[in-house]
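What follows is a short report on a single structure.
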Amino acid sequence: MLPNFDPNNNESGLKLLEDLTTNAKQIQEQVIQKILIQNSNTEYLKSFLHNHHSHSLDLQTFKHSVPVVNYEDIKPYIERIANGEPSHIISSQPITELLTSSGTSGGQPKMMPSTAEDLDRKTFFYNLLVPVLNKYVDGLEEGKGMYLLFIKPEMSTPSGLMARPVLTSYYKSKNFRNRPFNKYNVYTSPDETILCSDSKQSMYCQLLCGLVQRDEVLRVGAVFASAFLRAIKFLEDYWKELSDNIRKGELSQWISDPNCRASVSSVLTKSNPVLADLIDGLCGEKSWEGIIKKLWPKTKYIEVIVTGSMAQYIPTLEFYSGGLPLISTMYASSECYFGINFNPLSKPSDVSYTLLPNMAFFEFLPVEKNDGELSHCNGTTNTSVQEEFKTVDLVDVKLGQYYELVVTTFTGLYRYRVGDILKVTGFHNKAPQFKFMHRRNVVLSIDTDKTNEDDLLNAITKAKLLVEPLGVLLTEYTSYADTESIPGHYVLFWEMKKRSGSNYENFEELVEVDLMEECCSSIEESLDSVYRRCRSKDKSIGPLEIRVVKQGAFDALMDFCVSQGSSVNQYKTPRCIKSEEAIKILDSRVVARYFSKKTPFWEPFRGQYSH
């Protein structure tokens, strides 16, 4: 299923993509047949397929017999493997590791099975990105990419299998560490700096190497827009020290990781006062507008994911970029790598991904678009999956329609609902192209966190108990992800009233500051482990904020929503707002602001495997 091709040969790569997309239907049939032949004797599939022989199985039998499932349905099987039971519960191939997802179950990261072959599939996928970029951007082989890549915490399960994020898995694999030279894909960051577990040392060393090699840098980026902006904020905080290192030709003593020190010394080989003076002059300017283009003048584009929840960072990226194109190249998750952006220079708002038919077997649950009362107010669209789980095959989706993605993978997921809502925007040959719309049920996201409405409600329900003994009731709330600052943070608008019914003239006289700060901390402690890791370990999310608004603020919000076309009779307060106008309405009525003063507790998903 993985054709051989030379990633240094652009014509070969583009021809392969043409073949894959032209023969999408046949390849999808081959994919599901191979998966069923390999895995029909697994405990999971046997429980549904019973006496069907793998070679006589057809697609309709598979769809009729095997249910469409959520994570909760397969979680017991995953946990059994994590606890030491054999892989053939779900996969004929040995499960070699478990990939932790940004989505959570019971407050802990979801875990997806992975195999050695799956790493080869990811390498194949990454190699196909190169010819697509080269088709639109000339001369990439003449320089380097400053890609800021990082590993995240991992842990060993009782079975001995490692559980870690998908990118950490790939960067630590021999596929990445022993990758053959590709003239189109040379990094400024030594592998040792990428693989450093101390994120601060890793960031510092990668930026230092990128600055030293500034004349060779033709493209810059990170995986997510949020991570790239954190790097800019880090540069704002450390540019003087970085410049001093370059001036002296010496690495700061606090960089203690021996592999980082050794690898950076091969890049920082001499003092360079001319470059240090240049950095001082550029970074010392009052405004950092266009700083990326100034520091790395040969840069052709910024490669970061700016679709989905990352779209909120586009204005800030544009401020720093100096007009450089923002490129989102790929659509992938812990479950599977899905598709490639065949038009990488398209505007972020127009990005669509073409699903590669040999990566997995794809199905789609039709989703009805309901232009409900919230769509104009909070900038999102209400969607509901049709009750009967009748799926549509990859080549049968309809232009302009919305679907939820369902995958059957080579690694042991069968008819699994990924939770992504996609819109069909076109076709490349026979393969459909999709725009990523949003995650199902997610209301707040800053980095890799995904907080849904129920989790937010549960956290607020617990926190409001702290103020109720004072005779103060929470009557309404909503939220938004504030990305004006770096890192971004959650903002909650609370409207409250005295139990007596009288208005509060000065809220801060009614409730002590310490108590409201405790409410902020309580909410953070109640959110899932991915949020708490981002706050405490990664420092990629700032302290949660509660803004108390005066009474009547949410009436004004409703009036605004109704003026935008919402029905008064069907109006429900949106639990997340994205419209700038809606945010301004509430912001103009804020009477007090509070931030969490504590960092929430986090440790690598303990207790995940208990029965």
Side-chain angles (χ1 to χ4, degrees), residues 139-151 171-172 176-179 181-223 227-285 288 290-300 302-304 320 322 324 539:
L140 292 180
E141 75 279 12
E142 297 169 5
K144 298 181 179 182
M146 188 186 76
Y147 289 120
L148 305 169
L149 309 175
F150 306 93
I151 61 171
Y171 300 149
K172 287 193 165 189
F176 179 80
R177 290 182 288 106
N178 301 332
R179 62 194 182 278
F181 177 77
N182 182 336
K183 63 184 178 181
Y184 296 105
N185 224 359
V186 181
Y187 298 154
T188 58
S189 297
D191 287 358
E192 294 82 358
T193 63
I194 295 171
L195 295 170
C196 175
S197 59
D198 185 313
S199 59
K200 183 179 178 182
Q201 294 189 53
S202 173
M203 178 78 83
Y204 188 92
C205 291
Q206 291 192 62
L207 283 171
L208 182 61
C209 291
L211 288 168
V212 170
Q213 301 170 85
R214 74 184 287 267
D215 290 332
E216 299 177 75
V217 172
L218 300 184
R219 55 205 185 278
V220 300
V223 177
F228 190 74
L229 288 174
R230 282 202 309 282
I232 294 176
K233 178 65 167 63
F234 190 96
L235 185 59
E236 285 187 277
D237 294 338
Y238 286 91
W239 66 263
K240 290 181 180 178
E241 185 177 347
L242 288 161
S243 171
D244 186 62
N245 285 183
I246 292 169
R247 187 179 303 280
K248 296 176 180 176
E250 297 175 358
L251 181 60
S252 293
Q253 287 303 309
W254 65 267
I255 302 296
S256 58
D257 185 287
N259 293 325
C260 279
R261 293 199 69 86
S263 62
V264 172
S265 67
S266 66
V267 177
L268 186 67
T269 56
K270 61 182 180 180
S271 63
N272 191 338
V274 175
L275 177 56
D277 287 343
L278 178 69
I279 293 169
D280 289 350
L282 293 174
C283 294
E285 290 181 5
W288 270 39
I291 192 68
I292 301 302
K293 188 68 174 170
K294 292 174 183 176
L295 284 172
W296 295 280
K298 295 181 182 178
T299 301
K300 297 173 183 282
I302 299 176
E303 185 178 335
V304 287
Y320 289 116
L324 292 167
K539 312 295 184 190

Nearest heavy atoms of [X] and [Y], plus distance in Å:
| X | Y | answer |
| --- | --- | --- |
| Asp280 | Ser243 | OD1-OG, 2.7 Å |
| Leu268 | Gly249 | CD2-C, 3.8 Å |
| Gly143 | Arg219 | O-NH1, 4.3 Å |
| Phe176 | Tyr171 | CD2-O, 3.2 Å |

Heavy-atom distance under 4.5 Å between the side chains of [X] and [Y], does that happen here?
| X | Y | answer |
| --- | --- | --- |
| Leu195 | Arg177 | yes |
| Trp288 | Cys283 | yes |
| Leu140 | Lys300 | yes |
| Thr299 | Leu218 | no |
| Val304 | Val220 | no |
| Arg247 | Pro273 | yes |
| Leu295 | Leu278 | no |
| Ile255 | Val264 | no |

message: Would Trp254 and Glu241 count as a side chain to side chain contact (heavy atoms under 4.5 Å, CB included) here? Give the steps.
response: CA-CA 11 Å; Trp254 65 267; Glu241 185 177 347; 2.5 Å; yes
- request: For Asn259 and Cys196, run side chain to side chain contact (heavy atoms under 4.5 Å, CB included): C-alpha distance rounded to whole Å, both residues' side-chain angles, the deciding distance at 0.1 Å, then the answer.
  value: CA-CA 8 Å; Asn259 293 325; Cys196 175; over 6 Å; no
Does the pair Val267 and Leu208 meet the rule for a side chain to side chain contact (heavy atoms under 4.5 Å, CB included), with working shown?
CA-CA 9 Å; Val267 177; Leu208 182 61; over 6 Å; no
Is the backbone N or O of [Y] less than 3.5 Å from a side-chain atom of [X], with the two atoms forming a donor-acceptor pair by type?
| X | Y | result |
| --- | --- | --- |
| Gln206 | Leu149 | yes |
| Gln213 | Lys144 | no |
| Gln201 | Asp257 | yes |
| Asn272 | Ile246 | no |
| Trp239 | Ile279 | no |

Distance check, rounded to the nearest 0.5 Å: [X] atom [atom1] versus [Y] atom [atom2]?
| X | Y | atom1 | atom2 | value |
| --- | --- | --- | --- | --- |
| Glu303 | Leu324 | CD | CG | 13.0 Å |
| Glu141 | Asn182 | CD | CG | 10.5 Å |
| Ser199 | Arg230 | OG | CZ | 8.5 Å |
| Asp237 | Met203 | CG | CE | 10.5 Å |
| Ser202 | Lys200 | OG | NZ | 13.0 Å |
| Tyr320 | Ile232 | OH | CD1 | 6.0 Å |

I'd like to know if the side chain of [X] pairs up with that of [Y] as donor and acceptor (distance under 3.5 Å, no hydrogens or angles considered).
| X | Y | result |
| --- | --- | --- |
| Trp296 | Glu216 | no |
| Tyr238 | Lys233 | no |
| Ser189 | Tyr147 | no |
| Asp198 | Tyr204 | no |

Are the charged groups of Asp191 and Lys172 less than 4.0 angstrom apart, N to O?
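No, no charged N to carboxylate O under 4.0 Å.
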query = Between Asp244 and Lys240, is there a salt bridge with N-O shorter than 4.0 Å?
reply =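 Looking at Lys240 and Asp244, the cut-off is not met.
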- [ ] Any pair with a residue in residues 261-270 that passes side chain to side chain donor-acceptor pair (under 3.5 Å), sequence neighbours left out, goes on the list, sorted by first then second residue, please.
- [x]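 Found none.
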May I ask you to check whether over 12 heavy atoms, not counting those of Lys294, lie within 6.0 Å of atom NZ?
->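 Yes, the 6.0 Å shell around NZ holds more than 12 heavy atoms from other groups.
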Legend entry - NZ/Lys298: more than 12 non-hydrogen atoms of other groups inside 6.0 Å: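 Not buried by this count: 12 neighbours or fewer within 6.0 Å.
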